[in-house]
Amino acid sequence: MNVKKILWPTDFSKISEIALPHIKSMTQKYDAEIHILYVIEDIAHHDGWYGAFEEKRVSELMEHANKTAAKRLGQICEKYLEGCPLYIKHLSIGDPAKEILKLIEKEKMDLVIMASHGEKGNFRFGSVAEKVLKNSPVPVTVIPSEPKAQTK
C-alpha cells in the first residue's frame, strides 16, 4: 500500500482526537502528508432562530466561524502534529460528509482516518462516518469511540 496523503476530518472534539495516534503512526510509517479538514456548517441555509437574519448578519457569523476554525486548526497543528512531515489545513463550508468526499477526490487522498462519530454522537457510529465509509473511493479507517466519551 502506497500512502502519500492522509485525510483527518475533525470537528475539534475530544472524540475526533482519538484518531491522532493512528494518524501519527501512518504518517511516520509512510512519510505521508496529513490533510486536516474542518467543515463549517452553512447557517445561511437554516431557518431563522428568532426571526430571520439579514444577509449581512449571516456573512458576519460565517466570517467569525471561519476565523475561529482557522485558529483552532492552527492550534491542533502546533499542539499535536509536530512530528508529521507535512500537514495541510483545509476549511470548508457545507455538509461534512459531502465536503470530506469532495476533498478526497480533489486532493487525491490515499487514506482517510477518522473517529467513529463526532461531538454530537449519541451512538457508536455517526452518520458522517457512515456516509464517508460507504461512499469513499479510498480506504477509510474508522477509530471506535464510546458515545459522549469526551464528557467522561
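Note that these values count all heavy atoms, side chains included, but never hydrogens, waters or copies made by symmetry.
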Problem set entry | Atom pair CD1 (Ile88) and CG (Leu37), whose distance is rounded to the nearest 0.5 Å | 12.5 Å
Exercise. Looking at side-chain heavy atoms only, is the closest gap between Leu103 and Met109 below 4.5 Å?
Worked result: yes
For this session: Could you tell me the separation between the NZ atom of Lys5 and the NZ atom of Lys108, rounded to the nearest 0.5 Å?
Result: 8.5 Å
Problem set entry | Interatomic spacing from NZ in Lys4 to CD in Glu33 - rounded to 0.5 Å | 9.5 Å
Exercise. Should Leu133 and Val140 count as side-chain neighbours, where that means a heavy-atom distance under 4.5 Å?
Worked result: yes
Seminar exercise, completed: Here the gap from Ser16 atom OG to Trp8 atom CH2, rounded to the nearest 0.5 Å, amounts to 5.0 Å
Seminar exercise, completed: In short, Ile15 meets Ala115 closest at the heavy-atom pair O-CB, 3.6 Å
For this session: Work out which heavy atom in Val39 is nearest to a heavy atom in Gly94; give both atom names and the distance.
Result: CG1-O, 3.2 Å
For this session: Tell me, please, which residues at least two apart from Leu111 pass side chain to side chain contact (heavy atoms under 4.5 Å, CB included).
Result: Met1, Val3, Ile6, Met26, Ile113, Pro139, Thr141
Exercise. Taking all atoms of both residues into account, what is the closest heavy-atom pair of Met114 and Ile100, and its distance?
Worked result: CE-CD1, 4.3 Å
Exercise. With side chains defined as the heavy atoms from C-beta onward, is the minimum distance between Glu99 and His90 less than 4.5 Å?
Worked result: no
Exercise. So, do Ser136 and Ile104 sit near enough that their side-chain heavy atoms are less than 4.5 Å apart?
Worked result: yes
For this session: Report yes if the side chains of Ser116 and Ile143 come closer than 4.5 Å at any heavy-atom pair, otherwise no.
Result: no
For this session: Working to the nearest 0.5 Å, report the span between CD of Glu17 and OG1 of Thr10.
Result: 7.0 Å
For this session: Measure across Thr27 and Lys24 and return the closest heavy-atom pair with its distance rounded to 0.1 Å.
Result: OG1-O, 2.9 Å
For this session: State, yes or no, whether a side-chain contact exists between Val142 and Pro144 at a heavy-atom distance under 4.5 Å.
Result: no
Problem set entry | Separation between CD1 of Ile34 and CD1 of Ile23, rounded to the nearest 0.5 Å | 4.5 Å
